[in-house]
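Scroll down for the structure; my scribbles are underneath it.
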Amino acid sequence: MTNEPTRRHLPAASRKTALRTGLTRDAVVAAACALVVVLMIGASYAAVPFYNWFCRATGFNGTTQVASSAPSAAPLARKIAVRFDSNVAGGLPWKFAPEQTEIEVKIGEVVTGQAAYNVAPLTVGAYFSKINCFCFTEQTMAPGEKREMPVVFYVDPSIVNDSENDGLNSITLSYTFYPVRDPAAKPLAAGELDKPKGNL
């Protein structure tokens with residue numbers, strides 16, 4: 001008598017089924033791994049546009065809203081102070097300052113003033129709507145050129161329904177100019193080179 005383990009021989013059909021099952025399992029694992037990689041790459045490309053959309057939709061991080069028109073209802077009696085802050089990043093030899101450092105407006109009243117991009121406190125971004133702003137387009141300045149750059153905005157009346165902003169009595173707008181590395185080429189209309197260059 002020998003102590004060798006008993007060997008079981010599977011029929012050929014069973015061996016093929018076991019091999020096929022192993023290959024199928026490997027294929028499922030490989031497909032799952034490939035799907036995870038594709039989703040991760042897609043998420044990395046979608047992260048920035050999704051974050052920008054999220055900030056615009058919710059006002060997160062002081063991102064102001066863009067309105068197509070003024071509010072239809074009359075402004076509220078409650079007033080709020082809007083302060084203006086202006087900055088120029090390094091590498092851009094510009095001077096940028098608001099004409100007024102602060103104005104007091106009625107909530108819901110459409111106002112034209114010196115612009116900003118973000119607002120503080122950060123909780124009011126969802127209620128601060130810009131109808132028009134020079135910050136929507138690139139600005140190109142000639143040496144020594146001076147330019148008035150207005151912004152048209154209003155504070156959405158629905159802010160009074162947000163208990164988080166009950167004690168709010170001022171909003172600060174802050175805008176920083178940054179140099180554009182590769183400015184978009186703008187086509188010149190016929191005869192535009194002959195026009196006098198003056199301040200706007």
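Along the sequence shown, residues are numbered consecutively beginning with 1.
- In terms of heavy-atom proximity, Ser170 sits nearest to Pro121 at O-CD, 3.9 Å.
- Put simply, the residue from Thr172, Ile171, Ile80 that forms a side chain to side chain contact (heavy atoms under 4.5 Å, CB included) with Val124 is Ile171.
- Taking CD1 of Ile103 as the start and NZ of Lys79 as the end, the distance is 11.5 Å to the nearest 0.5 Å.
- The two atoms that bring Lys130 and Val151 nearest to each other are CD-CG2, 3.8 Å, heavy atoms only.
- Here CZ of Phe96 is found 9.0 Å from CG of Asp85. Values are rounded to the nearest 0.5 Å.
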Quiz: residues 155-162 side-chain donor-acceptor pairs under 3.5 angstrom, not counting sequence neighbours:
residue: Asp156; atom: OD1; partner: Ser158; partner atom: N; Å: 2.9
residue: Asp156; atom: OD1; partner: Ser158; partner atom: OG; Å: 2.9
residue: Asp162; atom: OD1; partner: Glu164; partner atom: N; Å: 3.0
residue: Asp162; atom: OD2; partner: Tyr127; partner atom: OH; Å: 2.9
residue: Asp162; atom: OD2; partner: Asn165; partner atom: ND2; Å: 3.1

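- Ring-plane geometry between Phe84 and Phe153 is classed as perpendicular, the angle between the planes exceeding 60 degrees on a 0 to 90 degree scale with a lower cut at 30.
- Partners of Thr101 under the side-chain hydrogen bond (donor to acceptor under 3.5 Å, both in side chains) rule, at least two apart in sequence or in another chain, do not exist in this structure.
- The shortest heavy-atom contact between Ser86 and Ala97 is OG-CA, 3.4 Å.
- Contacts of Glu104 classified as side-chain hydrogen bond (donor to acceptor under 3.5 Å, both in side chains), with partners at least two apart in sequence or in another chain: none.
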